[in-house]
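Accompanying notes for the structure given below.
These figures come from a predicted structure and were not determined experimentally. Residue numbering restarts at 1 for every chain, and letters A, B, ... go by the order of the sequence lines.
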Amino acid sequence: ETGVTQSPTHLIKTRGQQVTLRCSSQSGHNTVSWYQQALGQGPQFIFQYYREEENGRGNFPPRFSGLQFPNYSSELNVNALELDDSALYLCASSLALGDSEKLFFGSGTQLSVL
Amino acid sequence: SQQGEEDPQALSIQEGENATMNCSYKTSINNLQWYRQNSGRGLVHLILIRSNEREKHSGRLRVTLDTSKKSSSLLITASRAADTASYFCATGEPTGGGNKLTFGTGTQLKVEL
């Protein structure tokens with residue numbers, strides 16, 4: 001158990017819809033990152049938030065957006081869903097914004113886009 | 001894009017044997033980490049090795065890092081059935097990228113009784 005919780009665990013949407021995924025960071029962690037993991041692949045970095053500000057973004061289009069709240073919980077929003085957005089979405093928190101911080105992952109949200 | 005490539009993609013061994021997984025990466029790194037994932041769920045951090053370190057141990061785990069060859073290896077000694085999982089290497093960049101990690105494609109390890 002890492003102390004990072006994600007909801008929902010599974011979600012089914014249709015193409016064109018919007019989705020919001022939620023993450024509660026481990027207590028005391030002020031940095032949260034989101035990753036997308038397609039089947040059979042390693043996780044790919046979407047973006048990172050530090051003290052409610054976006055701090056780094058991967059190669060994902062603007063329809064992927066996020067929020068971090070004062071209590072350090074976080075949301076990932078995806079607009080105009082496409083079939084290729086079907087994946088496991090992982091949230092990870094860390095103690096600080098450093099170059100050698102280990103990440104604590106939640107169990108993920110499995111998103112299926114039909 | 002994936003930075004690292006793990007080798008082999010899949011590995012099947014008997015309980016009690018050692019398991020070795022290799023990771024190669026392409027760019028300069030600040031650190032390299034290994035994570036474990038059970039059944040496509042959350043990843044669990046195993047060990048971190050910094051770019052100025054060559055070897056690190058943690059319990060039954062031994063990690064080596066060769067920055068000249070841009071490669072790392074993870075050795076699990078005396079494997080157990082409970083070690084069955086996917087193992088990923090992940091690199092952190094020395095460009096102020098904070099906690100952004102670039103993951104490899106993973107090695108699926110199966111430990112049979």
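There is no path of hydrophobic side-chain contacts, each under 4.5 Å, that joins A/Leu83 to A/Ile12.
Under the 4.5 Å side-chain criterion, counting only non-hydrogen atoms from C-beta, B/His45 is not in contact with A/Leu103. Looking only at side-chain heavy atoms (C-beta outward), A/Gln41 and B/Phe88 stay at 4.5 Å or farther from each other. A/Lys102 places none of its side-chain heavy atoms less than 4.5 Å from the side chain of B/Val44.
Remark: B/Lys100 NZ to A/Arg57 CZ distance equals 12.0 Å, nearest 0.5 Å. Atom CD in A/Gln48 sits 9.0 Å away from atom CG in B/Leu101 (nearest 0.5 Å).
Heavy-atom neighbours of A/Arg63 CZ from other residues, nucleotides or ligands within 6.0 Å: above the threshold of 12. Taking a 6.0 Å sphere around CD of B/Gln14, one finds it holds more than 12 heavy atoms contributed by other residues, nucleotides or ligands. The environment of CD in B/Gln9 is sparse: at most 12 heavy-atom neighbours from other residues, nucleotides or ligands sit within 6.0 Å. Within a 6.0 Å sphere centred on CG of A/Leu39, heavy atoms belonging to other residues, nucleotides or ligands number 12 at most. Heavy atoms from other residues, nucleotides or ligands lying under 6.0 Å from CZ of B/Arg60 number more than 12.
Taking both residues in full, the closest heavy atoms of A/Leu90 and B/Gly42 are given as CD2-CA, 4.1 Å, listed atom of the first, atom of the second, then distance.
Taking the centre of each ring, B/Phe103 and A/Phe45 stay at or above the 6.0 Å mark.
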Working for side chain to side chain contact (heavy atoms under 4.5 Å, CB included), residues B/Leu43 and A/Tyr35: CA-CA 11 Å; B/Leu43 285 83; A/Tyr35 287 79; over 6 Å; no

